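Quick notes on the structure that follows.
Just so it is clear, the structure is predicted and the values come from calculations on it, not from any experiment. The figures here come from the full heavy-atom set of this structure, side chains too, leaving out hydrogens, waters and symmetry mates. Index from 1, following the sequence.
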Amino acid sequence: MLIIQQCLPTLQSLPSSITSHSSIKPPPFLHCRPPFKAGFSSKLYSPVTRVGIKNLRSDIDINGVVVDDDGAGDSEVTDDDMNDVSWLGGGFGDRKAEDKDYDKDPEFAEILGSCLDDPQKAQSRMEERLRNKRSKILHTKTGSPNPMAVKFNKFEFSNSYIWLEFYNTLLDNDVSLICDTFRSWHIVGRLGGCNSMNMQLSQNPFDKRPTYDATQGANVTPATFYNIGDLEIQDNLARIWVDIGTSEPLLLDVLVNALTQISSDYIGIKQVMFGGSEYGSWRENLKTEVAGYSIHKI
């Protein structure tokens with residue numbers, strides 16, 4: 001007779017001490033915190049990649065629980081949080097969302113919004129926008145195509161006039177530009193910015209990394225712009241008294257370069273004369289605004 005025996009062991013009943021606590025269930029597996037958690041810092045990402053990071057220093061584990069620095073996870077990541085793009089921090093100077101450029105220009109925002117759906121239409125609208133606003137983007141030169149003449153007449157660095165002859169009578173904006181030019185020139189010279197004895201960077205070869213010797217720069221003879229007078233204007237003539245002090249030709253080069261650009265782009269300057277007590281039709285006894293004379297503080 002063939003007798004078949006059970007291969008599986010018979011389950012025995014558990015002791016009463018264990019069955020009495022059968023109501024206690026172990027925590028679900030999904031609520032166990034895994035050992036790995038991904039840490040994010042909004043300081044390390046651009047505004048486009050900093051999505052869903054509400055706090056500047058927070059950790060997000062893979063279960064979707066936000067963990068603060070102290071390790072306490074008390075808030076869930078919602079869809080609204082993931083759609084939030086923060087512009088705080090990073091390399092954009094703490095700009096906020098309301099500072100976006102296209103928010104200030106609805107027309108440009110509309111063109112950008114339609115560029116994906118219809119690129120040809122967006123391109124044509126952009127070209128039309130450029131044509132309509134061409135005058136605000138591209139400014140026509142109002143200066144003179146003729147080169148500005150530069151002459152010297154017994155010029156002394158310590159006590160001389162600089163004369164300017166314009167093609168036309170100056171307007172208020174023209175006077176403001178000329179005054180700002182001389183004012184900036186004086187400030188740079190006053191601070192010793194035009195010193196031909198310390199031209200280390202301009203003398204370095206272009207194919208090598210620039211180097212600067214601080215000791216050499218500190219021990220050169222200083223070149224300081226001592227004093228400057230007010231800008232006097234009579235019709236299309238102007239003059240200004242200067243006391244440069246040290247004989248520094250670089251200061252004159254800087255001024256001539258600036259006036260050359262002004263003459264070409266903004267105000268036509270016929271000639272600049274360094275030195276001399278008289279020039280053209282200038283009258284020393286003409287000191288009234290009614291007769292075309294004006295004086296402007298530098």
note = So CH2 of Trp163 and NZ of Lys151: to nearest 0.5 Å the spacing works out to 15.0 Å
key: Separation between SG of Cys179 and CG of Leu170, rounded to the nearest 0.5 Å   = 9.5 Å
Under 3.5 Å, sequence neighbours excluded: what are the donor-acceptor pairs made by side chains of residues 152-162?
residue, atom, partner, partner atom, Å
Asn159, OD1, Trp241, NE1, 2.5
Ser160, OG, Glu156, N, 2.7
Ser160, OG, Glu156, O, 2.7

message = To the closest 0.5 Å, what do you measure between NE2 (His296) and OG (Ser176)?
response = 10.0 Å
note = Sorted by chain and residue number, the side chain to side chain contact (heavy atoms under 4.5 Å, CB included) partners of Pro147 (sequence neighbours excluded) come out as none
inquiry  = Whether the side chain of Ser144 engages the backbone of Gly268 through a donor-acceptor N/O pair (distance < 3.5 Å, no angle test) should be reported.
reply    = no
key: For Leu251 against Gly189, the heavy-atom pair lying closest together   = CD2-CA, 3.8 Å
Derivation of the side chain to side chain contact (heavy atoms under 4.5 Å, CB included) call for Leu286 and Thr288 = CA-CA 6 Å; Leu286 183 60; Thr288 60; 4.3 Å; yes
remark   = Here the ring-ring contact (aromatic ring centres under 6.0 Å, His included) pairs for residues 242-271, sequence neighbours left out, are none
inquiry  = For the CD1 atom of Ile228 and the CD1 atom of Ile298, what is their distance to the nearest 0.5 Å?
reply    = 6.0 Å
task = Please go through Leu171's hydrophobic cluster and name the other residues, only I, L, V, M, F, W, Y counting, with side-chain heavy atoms under 4.5 Å joining them.
result = none
message = Give me each pair satisfying salt bridge (charged side-chain N to carboxylate O under 4.0 Å, His left out) with a member in residues 169-187, each pair once, sequence neighbours excluded.
response = Asp180-Arg183
inquiry  = For a quick test of reading the model, state the closest non-hydrogen atom pair linking Ala238 to Phe166 and the distance between them.
reply    = CB-CE1, 3.8 Å
inquiry  = Grouping I, L, V, M, F, W and Y whenever their side-chain heavy atoms are under 4.5 Å apart, do Ile244 and Val256 come out in a common cluster?
reply    = yes
Going by atom type alone, with no hydrogens or angles, which donor-acceptor pairs under 3.5 Å involve a side-chain atom of residues 271-282 and a protein atom two or more places apart or on another chain?
residue, atom, partner, partner atom, Å
Gln271, NE2, Tyr279, OH, 2.9
Tyr279, OH, Glu165, OE1, 2.5

request  = Grab the two heavy atoms, one from Leu201 and one from Pro210, that are nearest each other, plus how far apart they are.
outcome  = CD2-CB, 4.3 Å
query = Closest approach of Leu259 and Ile269, non-hydrogen atoms and distance?
reply = O-CD1, 3.8 Å
side-chain hydrogen bond (donor to acceptor under 3.5 Å, both in side chains) partners of residues 206-221, not counting sequence neighbours, each pair once = Asn198-Tyr212
inquiry  = Show every side-chain hydrogen bond (donor to acceptor under 3.5 Å, both in side chains) that has at least one partner inside residues 242-262, sequence neighbours left out.
reply    = Ser196-Glu248, Gln261-Asp265
remark   = Taken in chain and number order and not counting sequence neighbours, the residues that satisfy salt bridge (charged side-chain N to carboxylate O under 4.0 Å, His left out) with Arg190 are none
inquiry  = Let me check something: do Leu231 and Tyr293 share a hydrophobic cluster, defined by ILVMFWY side-chain heavy atoms less than 4.5 Å apart, either directly or through other members?
reply    = no
task = Count the heavy atoms of every other residue, nucleotide or ligand shown that sit under 6.0 Å from CD of Glu127, and state whether that count exceeds 12.
result = yes
ask   = If you count the non-hydrogen atoms of other residues, nucleotides and ligands that lie under 6.0 Å from CE in Met126, is the total more than 12?
value = yes
Contacts of type salt bridge (charged side-chain N to carboxylate O under 4.0 Å, His left out), residue Lys287, not counting sequence neighbours = Glu232
ask   = With hydrophobic residues grouped by side-chain heavy-atom distances under 4.5 Å, do Leu164 and Leu252 end up in a single group?
value = yes
key: Residues in salt bridge (charged side-chain N to carboxylate O under 4.0 Å, His left out) contact with Glu284, at least two apart in sequence or another chain   = Arg239
Distance in Å, Cys194 SG paired with Met199 CE, rounded so as to fall on 0.5 Å steps = 9.0 Å
hydrophobic_cluster_shared for Ile267 and Leu237, side chain cutoff 4.5 Å = no
ask   = Can you name the one residue among Ile240, Ile178, Val175 that meets side chain to side chain contact (heavy atoms under 4.5 Å, CB included) with Ile233?
value = Val175
remark   = For Ile187, the other hydrophobic cluster members (4.5 Å side-chain criterion, sorted by chain and number) are Leu191
task = Find the distance between CG (Asn236) and CG (Asn168) and round it off to the nearest 0.5 Å.
result = 8.0 Å
message = Could you go through Val254 and Val188, starting from their C-alpha distance and side-chain angles, then the distance that decides it, and tell me whether this counts as side chain to side chain contact (heavy atoms under 4.5 Å, CB included)?
response = CA-CA 10 Å; Val254 170; Val188 173; 5.9 Å; no
